There are 2 protein chains.
Amino acid sequence: MQITSKFTAAVHILTCIEIFGGEMRVTSDFLSGSTGVNAVIVRNVLGQLREAGIVETRQGSGGANLAKALDEITLYDIYKAVDCTDDTGLFRFHENPNAKCPVGRNIHKVMDSRLEAAQAALENDLKRTTLAKIVADTKKIIEDE
Amino acid sequence: MQITSKFTAAVHILTCIEIFGGEMRVTSDFLSGSTGVNAVIVRNVLGQLREAGIVETRQGSGGANLAKALDEITLYDIYKAVDCTDDTGLFRFHENPNAKCPVGRNIHKVMDSRLEAAQAALENDLKRTTLAKIVADTKKIIEDE
DNA sequence: AAAGTTGTAACAATGTCTGTTTCAACTTTC
DNA sequence: GAAAGTTGAAACAGACATTGTTACAACTTT
């Protein structure tokens with residue numbers, strides 16, 4: 001299985017908001033054009049980012065802007081904002097291990113902490129990168145084009 | 001999204017093969033009983049583990065056994081054996097970023113290496129745990145019950 | 001030859017992701 | 001105050017992946 005493309009779309013969206021936000025109103029329609037993602041999905045993602053306190057949106061007049069400093073938003077924050085698997089974690093467990101089997105009734109005790117550690121390793125790596133770096137890298141590439 | 005439960009089922013299956021393999025013939029039916037996973041799925045998982053060189057199975061007579069030493073099988077090996085996302089990676093990218101937009105045509109350059117690093121962090125953590133540890137922990141818990 | 005097992009294909013049921021349509025609520029502008 | 005453009009949100013459809021199920025050929029042992 002794969003992690004939903006809403007995550008990369010969200011990073012793309014936030015980068016656009018920062019880069020184009022100064023000179024124009026960044027609407028869901030504009031973001032849909034840049035990302036290639038349906039405008040309703042864009043609004044959906046913006047809604048999740050708003051709930052996470054990462055962006056602000058304006059109903060009626062339209063447009064979105066960042067609600068935090070660039071270096072206070074990590075890829076992890078974005079990942080968590082659009083992630084739908086909060087409760088159950090990254091790994092899915094087979095659901096009915098047999099309690100009558102010594103292995104079946106203990107497999108969770110043995111595996112759970114290790115799965116959590118692996119998930120934490122992924123998440124900690126995502127925490128290393130801020131949106132400030134993403135935007136800086138993007139601007140640099142654009143300048144060098 | 002979540003990682004398929006075939007991974008935890010595979011760990012469960014391999015643990016059973018090691019723990020019960022000495023005293024009995026470990027068939028897909030037995031493994032289905034312990035894991036609660038359908039016997040055909042068990043055979044499917046065993047087939048993937050066999051292709052990865054982790055187990056041997058016997059057609060006709062039935063039963064499975066490990067093909068490698070316990071400490072030469074890591075959770076990563078098992079993960080990769082049953083993983084179906086080899087080609088595209090753990091993260092899914094939104095598919096049609098707009099090449100006419102400066103951000104759209106460069107988002108891959110900025111993000112790809114970071115997504116690969118995060119995936120590597122997860123996988124490296126899984127490499128830290130061998131099946132030997134899983135089996136040892138399981139046996140210890142069973143003894144203490 | 002009989003019984004039990006694996007390997008595999010085909011299909012169904014379920015769930016998730018993404019897109020689409022639709023419309024009420026809101027803000028700005030005229 | 002009306003018009004135009006936008007957001008927020010619900011409802012539904014299509015595509016795809018996962019898991020379970022059925023069925024059966026091939027194989028091994030007794």
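Sequence lines set the chain letters: A, B, ... in the order given, protein chains first and strands last, and positions in each chain run from 1. These numbers come from a predicted model, not from an experiment.
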For [X] and [N], what is the distance between atoms [atom1] and [atom2] respectively, to the nearest whole Å?
X	N	atom1	atom2	result
Asp29(A)	dG8(D)	CG	P	14 Å
Ile13(B)	dT19(D)	CD1	P	12 Å
Asn96(A)	dT19(D)	CG	P	13 Å
Asn44(B)	dG7(C)	CG	P	10 Å
Gln48(A)	dT18(C)	CD	P	11 Å
Leu31(B)	dT6(C)	CG	P	8 Å
Glu95(A)	dT18(D)	CD	P	15 Å
Leu49(B)	dG7(C)	CG	P	11 Å

Report the nucleotide, chosen from [options], that has the shortest atom-to-atom distance to any side-chain atom of [X].
X	options	answer
Arg25(B)	dG20(D), dT5(C), dT22(D)	dT5(C)
Lys6(B)	dG8(D), dT21(C), dT19(D)	dT19(D)
Ile41(A)	dT6(C), dT18(C), dT6(D)	dT18(C)
Val40(A)	dA9(D), dT18(C), dT22(D)	dA9(D)
Gln59(A)	dT18(C), dA23(D), dG8(D)	dG8(D)
Ser5(A)	dT19(D), dT18(C), dT5(C)	dT18(C)
Thr57(A)	dG7(C), dT7(D), dT6(D)	dT7(D)
Arg50(A)	dT21(D), dG8(D), dG7(C)	dG8(D)

In terms of side-chain heavy atoms, does His94(B) have a donor or acceptor partner in Thr8(A) at a distance below 3.5 Å? yes
Would Glu72(B) and Thr130(B) count as having a side-chain donor-acceptor pair, cut-off 3.5 Å? no
Are any of [X]'s side-chain N or O atoms less than 4.0 Å away from OP1 or OP2 of [N]?
X	N	result
Ser61(B)	dT5(C)	no
Asn38(A)	dT18(C)	no
Thr4(A)	dT18(C)	yes

The test is side chain to side chain donor-acceptor pair (under 3.5 Å); show your working for Glu145(B) and Asn106(A) and say whether it passes. CA-CA 10 Å; Glu145(B) 272 181 335; Asn106(A) 291 310; 3.0 Å; yes
Just by modelled atom types, is the [Y] backbone N or O under 3.5 Å from a matching donor or acceptor in the [X] side chain?
X	Y	result
Ser32(B)	Val37(B)	yes
Lys109(A)	Asp137(B)	no
Asp125(B)	Ala121(B)	no

Identify the nucleotide, in any strand shown, that forms a Watson-Crick or G-U wobble pair with dT30(D), with both distances under 3.5 Å; if there is none, say none. dA1(C)
Specify the residue among Arg43(A) and Gly63(B) whose closest nucleotide of DNA chain C lies further upstream toward the 5′ end. Gly63(B)
Nearest-nucleotide 5' precedence on DNA chain C, Gly60(B) against Gly36(A): Gly60(B)
